[in-house]
Amino acid sequence: MRYQNAKLVLPEPLLQEIQQYVQGSYLYVPKPSASKRKWGDGTDTKQLLRERNQAILQAYRQGTGVKELAEQYFLTRHSIRRIIREQP
């Protein structure tokens, strides 16, 4: 996120109104709720995690132990157990 000078972006009356509340500091203006994206929507991270979890489940069903899966995927045993429980 890049900061912008309010003088260059906002109309003078709006800038003066905002200055009644805050001056000389950074102000974050959030996006409207309708334009917010959910976690992972901008990347393929969700898909990669689904594929990883499916691989973990398949390996578990083929006899690989929780401890070995945790070491292989750099996760805790608790995380491996949760992944195994949550997969269809």
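- Note on Y3 and L10: separate hydrophobic clusters, where clusters join Ile, Leu, Val, Met, Phe, Trp and Tyr whose side-chain heavy atoms are under 4.5 Å apart, directly or indirectly.
- For the pair R52/L75, a side-chain contact is recorded, criterion being any heavy-atom separation below 4.5 Å from C-beta on.
- A heavy-atom distance below 4.5 Å is not found between the side chains of K67 and I80.
- Heavy atoms of other residues, nucleotides or ligands lying less than 6.0 angstrom from OH of Y60 number 12 at most.
- In this structure, the separation between OG1 on T76 and CD on E71 is 12.5 Å, given to the nearest 0.5 Å.
- Taken from CD in Q20 to CD1 in I18, the straight-line distance is 10.5 Å, to the nearest 0.5 Å.
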Steps toward side-chain contact (heavy atoms from CB on, under 4.5 Å) verdict (L48, T43)
CA-CA 10 Å; L48 291 173; T43 66; over 6 Å; no

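- Taking the salt bridge (charged side-chain N to carboxylate O under 4.0 Å, His left out) definition, one finds that R82 meets it with E86, sequence neighbours left out.
- With 3.5 Å as the limit, one finds a donor-acceptor pair spanning the side chains of Q16 and E12.
- Applying the side-chain contact (heavy atoms from CB on, under 4.5 Å) criterion to Q23, with sequence neighbours excluded, gives Q19.
- With hydrophobic clusters built from ILVMFWY side chains whose heavy atoms lie under 4.5 angstrom apart, V9 shares a cluster with L27.
- A 4.5 Å side-chain heavy-atom check between T45 and L49 finds at least one atom pair inside the cut-off.
- In the model, E51 has a side-chain atom that pairs as donor or acceptor with a side-chain atom of Q47 under 3.5 Å.
- One hydrophobic cluster, built from ILVMFWY side chains closer than 4.5 Å, cannot hold both Y21 and L15; they sit in different ones.
- Here the CG-CD1 distance, from N53 to I56, works out to 5.5 Å after rounding to the nearest 0.5 Å.
- If you chain together hydrophobic residues whose side chains sit under 4.5 Å apart, L14 and V22 fall into the same group.
- Here the side chain of T64 pairs no donor or acceptor atom with the backbone of L69 at under 3.5 angstrom.
- R77 CZ to R81 CZ: the interatomic distance, rounded to the nearest 0.5 Å, is 7.0 Å.
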